[in-house]
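Report on one structure; see the data block that follows.
Every number for a ligand or one of its atoms is a count from 1 in the order of the listing.
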Amino acid sequence: MRLKTIVGPSSLLFVITLASCGGSDADLVINETGASGGQQGASGSIGNAGATSGGGGSAGTSGGVGGAGGAPCPESTWYCDGDKDTFGDDNVTIAACEAPAGGDAMCPGPYVASSTDCAPADAEGFPGQTMFFGSPLTPPFDAKLAFDYDCNGKEERDPAQLFKGGAADMCGFADCFNPIDKVKGFLAKAACGSTTGFIECNSNFGQCTGVEKMSPEPLRCR
Ligand SMILES: [Ca+2]
Ligand SMILES: [Ca+2]
């Protein structure tokens with residue numbers, strides 16, 4: 001190996017001539033800037049390769065972070081949207097410059113910027129959901145909020161299914177004389193997804209009383 005030193009107009013160049021196994025010589029040129037680029041990352045070799053054109057140093061510098069000589073990019077945290085409802089799971093994340101495509105064993109759906117899906121395995125459970133549901137969310141979810149389909153931290157009951165008698169959770173006198181339909185509905189104590197805690201107002205010996213019975217459909221919540 002022979003070491004040659006070349007002093008250029010703008011920077012100091014070291015030329016090392018390598019005797020390869022095949023007997024031919026190859027020149028490895030490193031200038032001061034190129035050596036600095038190599039220290040920043042695995043792209044130091046990029047700085048070396050660029051030496052033949054005299055620009056290796058600057059290529060190594062810019063390639064140190066972005067890789068492959070490209071411009072550096074700011075990394076963001078991306079969240080897995082495994083149920084593909086456009087909201088991500090803050091338990092499954094990845095850091096990258098742009099959103100990874102996902103679609104693999106780690107994340108069945110794409111990665112997104114949102115991290116607010118309270119039910120990452122249920123496409124019907126997401127912030128802003130307006131519908132009500134009679135069965136619990138698909139796990140995983142907050143164990144105390146199995147029906148929090150809109151991810152607001154509460155379980156709201158479908159008002160259309162609640163009892164609307166003349167008195168709170170009790171049948172008023174007029175409730176037994178509804179010519180179209182009997183007054184009925186879920187009481188305040190009824191649980192989401194349950195068919196109990198449901199009363200219907202019936203006239204009984206001149207009095208209007210609520211008879212607790214099984215609802216034909218579960219109480220829907222969100
Ligand atoms: Ca979801
Ligand atoms: Ca809710």
Cut-off 3.5 Å, side chains only: do Asp122 and Thr138 have a donor facing an acceptor? yes
Below the 3.0 Å mark, what number of protein N, O or S atoms do you get around the Ca ion (ligand 1)? 7
What do you reckon, is CD of Glu217 surrounded by more than 12 foreign heavy atoms closer than 6.0 Å? yes
Does atom NZ of Lys164 have more than 12 heavy-atom neighbours, drawn from other residues, nucleotides or ligands, at distances under 6.0 Å? yes
Taken by chain and residue number, the protein N/O/S atoms under 3.0 Å from the Ca ion (ligand 2) read Asp148 OD1, Asp150 OD1, Asn152 OD1, Lys154 O, Glu156 OE1, Arg222 O
Taking atom OG1 of Thr209 and atom CG of Asn202, what is their separation to the nearest 0.5 Å? 6.5 Å
How about Glu212: does its CD atom have over 12 heavy atoms from other parts shown lying under 6.0 Å from it? yes
Spell out, with a plain yes or no, whether Cys208 and Cys171 have SG atoms under 2.5 Å apart. no
From Asp148 CG over to Asp142 CG, what is the distance, rounded to the nearest 0.5 angstrom? 8.0 Å
With a 4.5 Å heavy-atom cut-off, do Phe186 and Arg157 have their side chains touching? no
Reported OG1-to-CE distance for the pair Thr93 and Met106, which is rounded to 0.5 angstrom: 9.5 Å
